[in-house]
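Shown next, in structure tokens, is the structure this report addresses.
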There are 2 protein chains.
Amino acid sequence: MATIDDVAKAAGVSASTVSYVLSGKRPISAPTRARVERAIEKLGYRPHAGARALASARTNVIALMAPLRVGVNVPVIMQFVTGVVTRARDFDHDVLLLTQDDVSGLDRVTGGSMVDALVMMDIEADDPRVPVVAAAKQPTVLIGLPEDPEGLSCVDLDFEAAGRLAVRHLAAAGHTDVALIGSPPEVLLRHTSYADRLMRGLRGQAKASDVTVKVEACDASPAGASEAVDTLLATAPDTTGIIVHNEAALPHVLSRLADRGIVVGADMSVVAVCPTDVALSQRIAMTSIDLPAEDIGRVAVDMVMARLDGEQPSETRLLAPVLTERESSAPGPAADDD
Amino acid sequence: MATIDDVAKAAGVSASTVSYVLSGKRPISAPTRARVERAIEKLGYRPHAGARALASARTNVIALMAPLRVGVNVPVIMQFVTGVVTRARDFDHDVLLLTQDDVSGLDRVTGGSMVDALVMMDIEADDPRVPVVAAAKQPTVLIGLPEDPEGLSCVDLDFEAAGRLAVRHLAAAGHTDVALIGSPPEVLLRHTSYADRLMRGLRGQAKASDVTVKVEACDASPAGASEAVDTLLATAPDTTGIIVHNEAALPHVLSRLADRGIVVGADMSVVAVCPTDVALSQRIAMTSIDLPAEDIGRVAVDMVMARLDGEQPSETRLLAPVLTERESSAPGPAADDD
DNA sequence: CCGATCCGTCGAAGCGCTTCGACATTGATA
DNA sequence: TATCAATGTCGAAGCGCTTCGACGGATCGG
């Protein structure tokens with residue numbers, strides 16, 4: 001591989017001049033710049049990333065810690081990842097992928113100066129990773145909201161507002177008995193922050209709108225979904241509005257309802273909280289609150305980059321939920337006729 | 001951050017001794033080693049990755065190029081990724097994530113010496129990325145089989161054998177008219193290698209077993225799946241055995257069959273080619289040929305690591321398909337009664 | 001017409017590590 | 001007892017880049 005000295009020699013300049021051509025940190029005359037660029041081109045020169053990192057204390061790499069465990073929510077995770085990776089490239093950064101459980105990986109990549117910054121997904125209320133990255137010299141953005149962010153920036157959909165919005169939508173349509181079919185029990189037990197927040201919004205608005213709200217955890221399997229539906233209908237038979245916050249279970253919930261002869265969009269209104277493409281690929285176009293996963297990933301990168309080169313203070317951004325009415329929701333029993 | 005010199009000073013040895021303690025490349029006496037290790041511990045020392053890469057020409061990072069486009073097969077992709085990442089950690093390597101279309105990223109990470117090796121997924125018959133990585137100094141393993149591997153190692157499920165196996169299974173059960181519901185048309189058009197290979201096996205065995213085989217491409221959407229089923233049943237009404245090679249469409253194919261009153265496992269035998277967990281999370285446990293995605297990812301890393309430090313020649317490994325009989329397949333019309 | 005300024009370029013130092021050859025010790029061997 | 005090979009440690013060079021201070025020459029104002 002050609003080095004910067006080779007390029008310098010070929011262009012008849014010093015190595016530092018080549019460096020300045022590349023970085024633009026000092027003015028270089030047009031003819032010199034042109035000679036250097038030609039030499040770079042001719043030699044196929046690529047700066048050595050390690051050398052650069054050593055000299056400049058910048059790696060142009062960010063770490064992304066993603067929950068790679070199979071099963072739950074995988075397509076949604078992929079959307080986050082896509083958002084992060086593509087946006088990182090806009091900032092001329094690459095992405096180092098860490099798996100969720102690899103807490104020691106955080107030390108490794110921060111302590112070893114492998115990355116300039118971190119993005120962490122799927123944050124729990126009391127997440128053991130938060131103190132680790134809070135102590136690191138690299139800025140971090142959390143996707144999700146821990147109880148104590150310890151000075152770190154956070155970004156997420158405003159699930160609390162989403163919960164309110166969903167209930168308000170159903171209540172306005174005349175539903176008085178609504179329910180949530182939510183995340184798998186283990187997610188709820190972990191107190192994954194989004195599940196908690198959604199529930200808080202749900203309950204608050206239920207009180208305000210004077211509707212009842214029943215909550216069912218739900219495994220992502222067909223059996224789990226059936227069970228959740230059956231339990232719900234047994235214990236709260238008056239339910240006419242369901243909010244589903246579980247991408248993997250959604251199709252099975254709809255199947256089960258259909259099997260029981262319940263027509264979604266007529267007998268039963270269903271509002272999903274999920275990415276738009278998931279809402280649209282069900283057996284019926286779902287009224288849904290969009291989970292803009294790719295956007296969130298992008299925003300996370302924007303935030304982390306801002307902190308990287310200004311001395312921005314940390315911030316928390318909660319994206320406002322948007323509900324799109326489609327075919328799965330309809331007026332309920334208490335609706336005024338029109 | 002502490003440097004190696006800090007550690008050396010604290011332990012009362014030279015920097016090179018610290019280095020040798022860390023790498024084990026020269027013998028160090030037990031007491032010295034202990035002093036050094038204590039100093040490392042006390043200072044929380046982490047070698048600087050860039051410095052290390054510069055001095056040793058090793059980054060301990062491998063690149064993984066994965067198709068992050070949304071929609072198709074995402075969970076399967078995630079399994080590959082998981083296999084690669086976890087296995088890479090076993091070799092003390094991290095993973096840099098590149099997106100499929102980022103061909104220039106290949107130059108960037110290889111030319112810039114950001115990675116020691118590469119793994120590329122979703123290889124097409126005539127893949128433009130192959131010549132690029134073939135020219136790189138880093139070893140590469142392809143997941144999938146290009147027409148011309150240009151000296152690179154490859155690994156994949158033996159889809160051709162899988163095709164034969166599926167047909168043989170159905171033929172042995174007495175089916176004489178079988179069909180493939182396969183990948184989306186755009187995948188077939190790209191001549192993604194696995195689709196081609198599956199088809200070749202299918203056709204070959206069909207001839208040998210004297211059964212007919214009809215092929216339908218299939219979009220991953222519910223509509224696409226319905227259409228594929230409808231077309232198939234219209235143009236080949238005698239079909240009693242279907243092979244589905246399309247994870248995303250599989251549930252919708254089953255739905256459509258059910259909607260049409262066709263009982264899978266009785267009227268119609270269906271063999272899926274997909275990961276086991278997908279096969280098991282359908283409305284009925286599917287007879288399937290396992291796509292061992294995580295294994296393949298792991299093997300890819302094993303292969304690339306082998307090439308990294310022996311001077312192994314390149315090799316191609318095709319994993320033998322395994323068919324597991326479950327509830328979705330049954331004897332066909334030509335079966336001997338028993 | 002001279003000092004102050006600015007522009008464009010260079011040289012050298014240094015980032016933190018690995019690795020090679022050299023140098024003491026020590027123990028075994030003849 | 002003199003010799004030789006291990007064994008354990010050190011010093012120095014160098015990996016390829018960035019960046020800081022310096023410097024020559026052109027430009028400008030007074």
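We use all heavy atoms of the structure for the numbers below, so side chains are in, but hydrogens, waters and symmetry mates are not. Chain A is the first sequence line, chain B the second, and so forth, proteins listed ahead of strands; every chain is numbered from 1. Please read all numbers here as calculations on a predicted model, not as lab measurements.
- Between A/K25 and D/dT18 there is no side-chain N or O to OP1 or OP2 distance below 4.0 Å.
- Considering only side-chain N and O atoms, B/T17 lies under 4.0 angstrom from the phosphate OP1 or OP2 of D/dC10.
- Which of C/dC17, D/dT18, C/dC15 sits closest to the side chain of A/L54 comes down to C/dC15.
- Looking only at distances, a side-chain donor or acceptor of A/D116 sits under 3.5 Å from a matching main-chain atom of A/N60.
- Between A/V155 and A/L319 the shortest side-chain heavy-atom distance falls below 4.5 Å.
- Rounded to whole Å, atom C1' of C/dG8 lies 11 Å from atom CZ of A/R33.
- Closest-nucleotide positions on DNA chain C for A/G12 and B/H48 were compared, and the one nearer the 5' end corresponds to A/G12.
- Rounded to whole Å, atom P of D/dG16 lies 11 Å from atom CE of A/M1.
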Find every protein N or O atom lying less than 3.5 Å from an N or O atom of nucleotides 12-14 of chain C, and list the pairs.
none

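- Atom CG in B/N60 sits roughly 11 Å away from atom P in C/dT18 (whole-Å rounding).
- Here D/dC15 presents its P atom at 18 Å from CD1 of B/I4, a figure rounded to the nearest Å.
- Distance alone, capped at 3.5 Å, places no donor-acceptor pair between the B/D196 side chain and the B/S193 backbone.
- Taking only side-chain nitrogens and oxygens, B/S14 comes nearer than 4.0 Å to OP1 or OP2 of D/dC10.
- Of all non-hydrogen atoms in B/Q100 and B/P67, the two that sit nearest each other are OE1-N, 3.2 Å.
- In this structure, A/L22 atom CG and D/dT18 atom P are separated by 7 Å, rounded to whole Å.
- Looking at heavy atoms from C-beta onward, B/L318 lies in side-chain contact with B/L145 at the 4.5 angstrom threshold.
- Residue-level contact check: A/P47 touches the backbone only, with heavy atoms under 4.0 Å from sugar-phosphate atoms and none from bases.
- Donor-acceptor pairing under 3.5 Å is recorded for the side chains of A/S14 and A/T17.
- Atom pair B/K9:NZ and C/dC17:P shows a separation of 13 Å (rounding to whole Å applied).
- The 5' end of DNA chain D is approached more closely, in terms of each residue's nearest nucleotide, by B/S29 than by the other of B/S29 and A/V18.
- The residue B/S19 sits close to a base: some heavy atom pair falls under 4.0 Å.
- The OH atom of A/Y20 sits 15 Å away from the P atom of C/dC7 (whole-angstrom rounding).
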Test side chain to side chain contact (heavy atoms under 4.5 Å, CB included) on B/V187 and B/Y194 and set out the steps. CA-CA 10 Å; B/V187 172; B/Y194 59 80; 3.8 Å; yes
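- If you measure from atom CZ of B/R26 to atom P of D/dA6, you get 15 Å, rounded to the nearest angstrom.
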